[in-house]
Amino acid sequence: MEMESFSLTVTQRDQILVEQQIFNIFKTFYNIPPSSQSFMLELQRENHVEYLTNGLKQLGPSFCVLDANRPWICYWILHSIALMDEFVDPELEDNTIDFLSRCQDPNGGYGGGPGQMPHLATTYAAVNSLVTLGSDKALSSINREKLYSFIRQMKDASGGFRMHDAGEIDVRACYTAISVASLLNILDDELVQNVGNYILSCQTYEGGISGEPGSEAHGGYTFCGLATMILINEVERLDLSSLIDWVVFRQGVEGGFQGRTNKLVDGCYSFWQGGIFALLKRLNSTRGEKSVPLGDGEDGPDGPETTVSSDATGEGLIEDLSQGGSHIEKGDQHDTSSRVNVDNIDRNSSKRHAKVEPLFNSLALQQYILLCSQDLNGGLRDKPGKSRDHYHTCYCLSGLSVCQRSWLEDDDSPSLPRAVLGPYSNLLEPIHPLYNVVLDCFWDLWFQNVQ
Ligand SMILES: CC(C)=CCC/C(C)=C/CC/C(C)=C/COP(=O)(O)OP(=O)(O)O
Ligand SMILES: [Zn+2]
């Protein structure tokens, strides 16, 4: 055998180094008394809020760095703060709304900063930010008609969407277009047409979904593709069993998720992969199937197993998942016939108070997020050795919220203490998994839309 076969590549060396660091953290953790373990697993809320609030203040009028990401920074920060059930002070909220208004293009959509060309990703981030703030001022600042026309212009003849004028067509563009249109009740047949075919063409031999046809399956795109298929009521066209096979094998021995085969785990996939489980769980519960039993007669973290009532029809599947996200307003100028009619959804109709066993190890993922991704001084990160940032803070916390409710059929009911790793005060607000906004913010918008 040649010598090269024995030498490790840089990536393999990195991987071993990271794994050693992570296992040292776990070793320390298991060698200390349970009372100190609980301290190590505590979510440092105050420090996180301080880190996030300082980040948002920098976006104000004096923030003159030219970058194309600022609505994203708003979303990552505002969503993280909302997940911890905290608020920003009124002046900062006002400044943020004014800032996002300056990012709105006169012809619709939002750019990465004032005066920049509108882009679907920053449009998604700006809309989710404003929905998270939820005030009249925030919501009425969105020009829905112009926004529809921007999204319509991004639609390609193939059925997919471009990220921006003359930009790339990919699964992110499909998701951000459909998510925003659904959330703001401007989704119609024209936007939906053939987008399902485009997503289908991106499901790979591994079972996950790639960014564009012929590329490698990845957690970020798999979340986007699956959520899009649910929003357009075409999820059954995917090969769901191979998608499940693919995603369950993405959780590493470290407890965290990798984004794709043979890559390192990373805290942000707690949501991109963890969110897939949140979507699958709801599909399972609304298909009329019994939930997965808790296994070997043992109770899950939420207590004794109960039976899931199977009241849902095929329609219920989407109704339950979109929970009114694409309802139809009177006098809506767009053709809405292809959309799922969710007008008659009773907010409480999906409550079953039943337990399901998650398809991933939720406690191990919580351990990875809290012990390995958390910077105790505030903020969360990809992995030990990396720096905190707002993106990882947002998606680690979103993933943590998903974990804390992974045994519950209904995301709206309170999680029981055994499902929450560390002190119960770690419990975060539930999210709507299709849009990744806090559930209460989603409902506030929904009730405004129906009035
Ligand atoms: C809503 C929206 C815009 C969603 C974006 C979804 C998302 C996170 C896509 C991932 C993109 C990607 C291929 C990253 C790989 O980076 P890498 O090679 O640095 O990371 P890896 O080694 O973990 O794969
Ligand atoms: Zn990451």
Side-chain angles (χ1 to χ4, degrees), residues 9-12 14-15 18 68-69 71-73 75-76 79 109-110 112 119-129 154 160-164 167-183 199 202 204 206 208-212 214-228 231 246-247 250-252 254 256-276 279 365 368-369 372-375 379-399 431-437:
T9 64
V10 175
T11 320
Q12 284 167 325
D14 277 356
Q15 177 147 7
V18 168
N69 247 355
W72 272 119
I73 294 171
Y75 167 62
W76 297 329
H79 182 51
Y110 292 78
H119 190 287
L120 275 172
T122 41
T123 297
Y124 166 85
V127 167
N128 275 11
S129 301
M154 295 306 106
F161 287 84
R162 292 187 184 277
M163 289 305 290
H164 57 88
E168 67 277 25
I169 301 170
D170 65 27
V171 170
R172 278 172 320 157
C174 297
Y175 169 67
T176 48
I178 298 293
S179 170
V180 164
S182 164
L183 198 51
I199 304 286
C202 297
T204 80
E206 285 190 286
I209 297 171
S210 60
E212 52 196 346
S215 295
E216 184 183 6
H218 193 282
Y221 297 122
T222 305
F223 171 83
C224 291
L226 179 64
T228 305
L231 285 166
W246 176 80
V247 69
R250 303 282 71 78
Q251 188 166 25
E254 305 90 339
F257 276 94
Q258 60 181 189
R260 48 188 161 139
T261 311
N262 286 328
K263 298 296 302 261
L264 297 180
V265 296
D266 173 342
C268 67
Y269 299 127
S270 307
F271 176 74
W272 298 118
Q273 305 287 27
I276 292 173
L279 296 174
L365 180 56
Y368 181 81
I369 295 169
C372 303
S373 283
Q374 181 171 220
D375 181 333
L380 290 99
R381 62 192 174 201
D382 163 348
K383 57 175 65 64
K386 299 266 182 180
S387 304
R388 64 186 179 179
D389 61 63
H390 298 124
Y391 165 81
H392 285 93
T393 303
C394 168
Y395 290 107
C396 287
L397 292 178
S398 304
I431 57 159
H432 193 307
L434 283 169
Y435 310 105
N436 198 15
V437 293

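For reference, positions follow the sequence shown, starting with 1. Counting starts at 1 for both ligands and their atoms, following the listed order.
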Top protein contact for [atom], by heavy-atom distance:
atom: atom 24 (O) of ligand 1; value: Arg260 NE, 2.6 Å
atom: atom 4 (C) of ligand 1; value: Trp272 CH2, 3.4 Å
atom: atom 20 (O) of ligand 1; value: Tyr269 OH, 3.5 Å
atom: atom 5 (C) of ligand 1; value: Arg172 CG, 3.8 Å
atom: atom 11 (C) of ligand 1; value: Tyr221 OH, 3.8 Å
atom: atom 9 (C) of ligand 1; value: Gly220 CA, 3.6 Å

Any donor-acceptor N/O pair, [X] side chain to [Y] backbone, under 3.5 Å:
X: Ser179; Y: Thr176; result: no
X: Thr204; Y: Ile209; result: no
X: Ser210; Y: Glu216; result: no

Compare every heavy atom of [Y] with every heavy atom of [X], then report the nearest pair and how far apart it is.
X: Pro71; Y: Gly112; answer: CD-O, 3.2 Å
X: Ile169; Y: Glu212; answer: O-OE1, 4.0 Å
X: His119; Y: His164; answer: CD2-CD2, 3.5 Å

Test of ring centre spacing under 6.0 Å for Phe257 and Tyr368 =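 No - the distance between ring centres of Phe257 and Tyr368 does not fall below the 6.0 Å cut-off.
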Looking only at side-chain N and O atoms, does Asn128 offer a donor or acceptor that is under 3.5 Å from a partner on His79?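 Side chains of His79 and Asn128: no pair found under 3.5 Å.
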In terms of side-chain heavy atoms, does Tyr221 have a donor or acceptor partner in Asp170 at a distance below 3.5 Å? no
If the contact criterion is a heavy-atom separation under 4.0 Å, does Phe257 count as touching ligand 1? no
Examine ligand 1 and decide if any of its atoms is less than 4.0 Å from a heavy atom belonging to Cys224.
-> yes
In residues 390-397, what donor-acceptor pairs under 3.5 Å come from side-chain atoms, sequence neighbours left out?
residue: Tyr391; atom: OH; partner: Trp272; partner atom: NE1; Å: 3.0
residue: His392; atom: ND1; partner: Asp389; partner atom: OD1; Å: 3.0
residue: His392; atom: ND1; partner: Asp389; partner atom: OD2; Å: 2.8
residue: His392; atom: NE2; partner: Asp266; partner atom: OD1; Å: 3.2
residue: Thr393; atom: OG1; partner: Leu380; partner atom: N; Å: 3.0
residue: Thr393; atom: OG1; partner: Asp389; partner atom: O; Å: 2.6

Notebook entry, point to check: Lys263 to ligand 1: N or O pair under 3.5 Å?
Noted result: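 Yes; at least one N/O pair falls below 3.5 Å.
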Output yes when the distance from some N or O of ligand 1 to some N or O of His218 is under 3.5 Å, and no in every other case.
-> yes
Nearer than 2.8 Å to the Zn ion (ligand 2), the protein contributes N, O or S atoms numbering 4
Counting from 1 in the order shown, the ligand 1 atoms closer than 4.0 Å to a non-hydrogen atom of Tyr391 are 8 (C)
query: Under 30°, 30 to 60°, or over 60°: which ring-plane class applies to Tyr124 and Trp72, parallel, tilted or perpendicular?
result: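 Plane angle between 30° and 60°, so tilted.
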